[in-house]
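By convention here, the first residue in the shown sequence is residue 1. Predicted model, so just to flag it, every value in this text is computed and none were measured.
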Amino acid sequence: MKVLVTGGSGFIGSALCARLVRQGHQPVVLSRRPDRARSVLPPDTRVVASLDEIDGGETLGGIVNLAGENLFAGRWTAPRKDRLMASRIHTTRAVVALCRRLEQTPPVLVSGSAVGFYGDAGDAELTEHSSARRKDFGYRLCDTWEQTAREAQRLDMRLCLIRTGVVLGRDGGMLAKLLPVYRLGLGARLGNGAQWLSWIHLHDMTTILLRALENPAVEGVFNATAPHPVTQRHFHRALAAAVHRPAPWVAPAPLLKLALGELSGMLLGGQRVYPRRLEDQGFGFRYPQLEDALADLVGDS
């Protein structure tokens, strides 16, 4: 089927598009920078700079909405928080508006969110039925994003909201930034390391998105996280071990707060999230344990 992917040239989106093509689907990617997008997408992928380029008579088999500015690209000043919010909300509104104008309404919208929805929750065990423990900016961002996507239900579309943890992959995201540092033996624990990190391997992430797109029985909120969250201390030691380097360093919490401001809360807080709905529906993770995921992604570096 023809699948619209917003944010399709990003870390997760480009991996998803590659799998869509392998499975015989045709991705149509929305990107603000079409030339750059074409350089990272499968050959002959259609890239549009605006949803206005999609004719009302076109038939879309589904939409995956992943667009959003990088949370970690700079300090969370007031103007930057406005941009982070707008990059998600404006695109999602445009997607819903497209669905209204198409002669044939797409059957499904798979829309991104994040485990930041739950706020900094300490040691609490969180499932899809949990409410936010702290209504900080991360919560407000995710909640507004999700509520905007829920407008698709008024069009009788099937809606899947995917609350994503930290996605681990070789070529992007957090791991790609950390690997060069850890290979030099300079990786550091963040604060006291007791904060929880809910993570997922990129392969499992794209499988969850494909499942939501293709399976008519899949609907509602899903936590896209591996079934075994870890503390930041555990992650730090596991990554250092994977690259065969020592792990003695610590980045003190006061220093992180001074350098990053409000953004430091994303590193010093966390969520202990479990993918209960996926497990209840029999989803099998290829990489349920962090050490296995790192062994696949890092190898014998």
Side-chain angles (χ1 to χ4, degrees), residues 11-12 71-72 113-128 130 132-134 138 142 162-170 172-183 185-208 222-253 256 263-279 283-301:
F11 167 49
I12 299 171
L71 290 172
F72 292 95
S113 184
V115 296
F117 173 88
Y118 303 108
D120 182 2
D123 291 329
E125 296 187 6
L126 304 167
T127 72
E128 290 87 351
S130 302
R133 296 304 178 101
R134 181 183 173 195
C142 294
I162 310 297
R163 292 176 183 164
T164 306
V166 173
V167 181
L168 303 180
R170 289 188 187 90
M174 182 180 78
L175 186 62
K177 291 181 174 64
L178 290 179
L179 271 175
V181 179
Y182 273 78
R183 283 174 172 146
L186 300 176
R189 191 189 77 210
L190 304 180
N192 63 18
Q195 65 272 36
W196 287 90
L197 179 70
S198 294
W199 62 277
I200 187 168
H201 190 291
L202 179 61
H203 175 86
D204 286 329
M205 181 69 216
T206 56
T207 302
I208 290 167
F222 292 89
N223 290 332
T225 61
H228 300 287
V230 298
T231 63
Q232 205 281 325
R233 181 188 299 108
H234 180 144
F235 178 85
H236 165 62
R237 291 173 176 170
L239 181 53
V243 296
H244 310 295
R245 294 293 185 273
W249 309 110
V250 176
L256 290 171
L263 174 58
S264 65
M266 293 282 287
L267 303 177
L268 297 173
Q271 300 84 23
R272 187 181 185 182
V273 177
Y274 293 88
R276 291 288 184 250
R277 291 200 67 218
L278 285 170
E279 291 180 313
F283 182 83
F285 286 85
R286 180 178 288 188
Y287 300 99
Q289 300 283 353
L290 178 64
E291 284 73 13
D292 292 336
L294 292 177
D296 175 70
L297 295 169
V298 177
D300 294 323
S301 299

Of all heavy-atom pairs between [X] and [Y], which one has the smallest distance, and what is that distance?
| X | Y | result |
| --- | --- | --- |
| Thr127 | Arg276 | CG2-CG, 3.4 Å |
| Ala240 | Ala247 | CB-CB, 3.6 Å |
| Trp196 | Asp123 | NE1-OD1, 2.8 Å |
| Ala132 | Phe117 | CB-O, 3.4 Å |
| Val167 | Phe11 | O-CE2, 3.6 Å |
| Leu256 | Leu268 | CD1-CD2, 3.7 Å |

Please examine the side chains of [Y] and [X], heavy atoms only from C-beta on, and report whether any two atoms are closer than 4.5 Å.
| X | Y | value |
| --- | --- | --- |
| Val166 | Ile200 | no |
| Phe285 | Pro227 | yes |
| Phe235 | Thr231 | no |
| Val250 | Asn192 | no |
| Met205 | Ile12 | yes |
| Thr225 | Arg272 | no |

Find the distance between [atom1] ([X]) and [atom2] ([Y]) and round it off to the nearest 0.5 Å.
| X | Y | atom1 | atom2 | value |
| --- | --- | --- | --- | --- |
| Arg237 | Arg189 | CZ | CZ | 7.5 Å |
| Asn223 | Tyr274 | CG | OH | 11.5 Å |
| Arg286 | Asp292 | CZ | CG | 12.0 Å |
| Gln232 | Leu190 | CD | CG | 4.0 Å |
| Ser130 | Gln271 | OG | CD | 11.0 Å |
| Glu128 | Arg277 | CD | CZ | 6.5 Å |

Going by atom types only, do Tyr118 and Arg163 share a side-chain donor-acceptor pair under 3.5 Å?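 Checked: Tyr118/Arg163 side chains pair up, N/O donor to acceptor below 3.5 Å.
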Pairing donors with acceptors under 3.5 angstrom, does anything connect the side chains of His234 and Glu291?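 There is such a pair between these side chains.
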Tell me whether Arg245 contacts the main-chain N or O of Val243 through its side chain, where contact means a donor paired with an acceptor under 3.5 Å. yes
Anything under 30° is parallel, anything over 60° is perpendicular, the rest tilted; go ahead and classify Tyr287 against His201. parallel
Distance-only donor-acceptor hits, side chain of residues 174-182, under 3.5 Å, sequence neighbours excluded:
from   : atom 1 : to     : atom 2 : distance (Å)
Tyr182 : OH     : His236 : ND1    : 2.8

Apply the side-chain contact (heavy atoms from CB on, under 4.5 Å) test between Leu168 and each candidate in Val298, Asp296, Leu290; give the one that qualifies. Leu290
